Amino acid sequence: MVVKKGDKSAGVKNAAKGGGRQRASRMSPEQRRLQLLECALSAFAERGLGEASHSDLAERANVSVPTTFHYFPTRESLTGSVIEEVARFLIEDFVEVRIVRPDGPTAKSVGEMLLAFSEAIDLHPDYIRIWLQWSASVQSPVWTEYVAFEKKALRALKVLLLRGQRDGSLHPELDCDVACRVILSCAHMVAHMKFGKSTREDIERAVDSVVYGYLGGYRHSI
């Protein structure tokens, strides 16, 4: 999971980097699994969902390959744990937090969410790289899981937009189902712009065109 100050997994990234093939430091089973998951995120982001293996994970964590199989017995369980963590990060840290702790008009909240997502690409690029790979894996076995993630993300976004209709910051006839997909597509746009080295000002203008030109501007188009 994402390493945060005060989090139980603090220091995992440093442990994961490792130098030579020194003996792995002693950790509790929970700490070891967190370390391995962090290393798995790095491996999958670099090598791809279809290429990263237990041996890549073992090399990054400076542990034996059998140790990685102890925590992730199959490739499917390893891949599943990685995409589950990516899904948790995207839904909880960006959408649900704004449902639980609303701050200002909904359109403004959506704009801040997309800009926070842009900043997260600097802080946690592995998560976003995996998400982009995952969202394009139409012919992969993990596509079913992506569809389930997308449905959950859209439901969470709809809760946010429905609140905006109730508080009067969004037009009551806005099609929230369509708007949710527009916001999700905007996140893809932001990610591509960020990895393409667009400036923050360009990203802000792109977000504003969606948030204020579409969500906010909808009120004036009826």
Side-chain angles (χ1 to χ4, degrees), residues 1-4 7-18 24 27-97 99 113 117 120-121 123-159 180-181 183-185 187-188 191-192 195:
M1 59 176 52
V2 175
V3 179
K4 299 178 181 177
D7 193 53
K8 282 197 211 175
S9 58
V12 165
K13 284 188 176 178
N14 291 332
K17 290 179 181 177
M27 296 181 182
S28 69
E30 181 185 8
Q31 289 173 324
R32 180 65 73 193
R33 188 181 187 282
L34 289 172
Q35 180 213 25
L36 292 175
L37 181 56
E38 197 72 32
C39 292
L41 287 162
S42 173
F44 275 68
E46 181 181 329
R47 294 182 54 78
L49 286 172
E51 298 296 329
S53 66
H54 283 74
S55 59
D56 293 315
L57 174 55
E59 182 178 356
R60 282 171 166 76
N62 196 27
V63 299
S64 67
V65 174
T67 296
T68 67
F69 275 98
H70 173 74
Y71 289 91
F72 306 102
T74 64
R75 177 173 177 78
E76 289 73 23
S77 67
L78 175 59
T79 303
S81 296
V82 167
I83 62 178
E84 181 181 353
E85 169 58 13
V86 170
R88 182 210 61 76
F89 172 71
L90 292 172
I91 294 175
E92 290 184 10
D93 289 16
F94 294 98
V95 186
E96 290 183 349
V97 68
I99 295 173
M113 176 180 67
F117 175 75
I121 296 173
L123 299 172
H124 309 292
D126 291 346
Y127 282 81
I128 313 305
R129 289 183 187 279
I130 292 171
W131 174 60
L132 289 175
Q133 295 174 36
W134 189 22
S135 67
S137 302
V138 180
Q139 296 180 324
S140 168
V142 298
W143 179 248
T144 300
E145 286 81 359
Y146 183 79
V147 171
F149 154 75
E150 186 177 66
K151 288 179 179 178
K152 185 175 180 180
L154 292 172
R155 283 197 301 269
L157 285 168
K158 188 172 182 178
V159 171
C180 289
R181 291 194 173 276
I183 293 168
L184 191 59
S185 297
H188 275 88
H192 283 285
F195 285 123

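Quantities reported herein were computed from a predicted structural model and do not represent experimental measurements.
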Show which side-chain atoms of residues 150-157 pair as donor or acceptor with protein atoms under 3.5 Å away, not counting sequence neighbours.
none

Worksheet item: CD1/Ile99 to NZ/Lys158 distance, rounded to the nearest 0.5 angstrom?
Response: 13.0 Å
Practice prompt. Locate the shortest heavy-atom distance separating Asp56 from Ala43; write the atom from each residue and the value.
Written response: CB-CB, 4.1 Å
Practice prompt. Find the distance between CG (Leu36) and CE (Met27) and round it off to the nearest 0.5 Å.
Written response: 8.5 Å
Item to complete: Verify the distance criterion only: is there a donor paired with an acceptor across the side chains of Ser81 and Arg33 at less than 3.5 Å?
Response: yes
Item to complete: Please report the closest heavy-atom contact between Gly48 and Gln133, naming both atoms and the distance.
Response: CA-OE1, 3.1 Å
Worksheet item: Just wondering, do Phe117 and Leu90 contact through their side chains at under 4.5 Å, heavy atoms?
Response: yes
Worksheet item: Is the side chain of Trp131 donor-acceptor paired with the backbone N or O of Val86 at a distance under 3.5 Å, no angle test?
Response: no
Worksheet item: Relative to each other, are the rings of Tyr127 and Phe89 parallel, tilted or perpendicular (30° and 60° limits)?
Response: tilted
Worksheet item: Is there a donor-acceptor contact under 3.5 Å from the side chain of Ser42 to the main chain of Glu38?
Response: no
Discussion item. Quick check: do Met113 and Ile183 have side-chain heavy atoms less than 4.5 Å from each other?
Written reply: yes
Worksheet item: Do Glu85 and Arg88 sit within salt-bridge range, that is, some charged N less than 4.0 Å from a carboxylate O?
Response: yes
Response to the item:
Here the gap from Arg129 atom CZ to Glu46 atom CD, rounded to the nearest 0.5 Å, amounts to 10.0 Å
Worksheet item: Arg32 and Val63: side chain to side chain contact (heavy atoms under 4.5 Å, CB included), yes or no, with the steps?
Response: CA-CA 10 Å; Arg32 180 65 73 193; Val63 299; 3.7 Å; yes
Practice prompt. Hey, could you give me the CG/CG distance between Leu37 and Leu78, rounded to the nearest 0.5 Å?
Written response: 8.5 Å
Worksheet item: Is Tyr71 close to Ser77 at the side-chain level, that is, under 4.5 Å between some pair of heavy atoms?
Response: no
Discussion item. If I take atom OG1 from residue Thr67 and atom NE2 from residue His54, how far apart are they, to the nearest 0.5 angstrom?
Written reply: 11.0 Å
Discussion item. Any heavy-atom pair between the side chains of Leu132 and His188 that's under 4.5 Å?
Written reply: yes
Practice prompt. Compare all side-chain heavy atoms of Ser140 with those of Leu49 and state whether any distance is below 4.5 angstrom.
Written response: no
Worksheet item: Do the side chains of Ile91 and Phe149 get nearer than 4.5 Å, heavy atoms only?
Response: yes
Discussion item. Just so I know, are the side chains of Asp126 and Phe44 near enough to count as touching, which here means a heavy-atom distance under 4.5 Å?
Written reply: no
Fill in: Minimum heavy-atom distance Val142-Ser137, with the two atoms named
CG2-CB, 4.0 Å
Response to the item:
Scanning both residues in full, the closest heavy-atom pair of Ala40 with Leu57 reads N-CD1, 3.4 Å
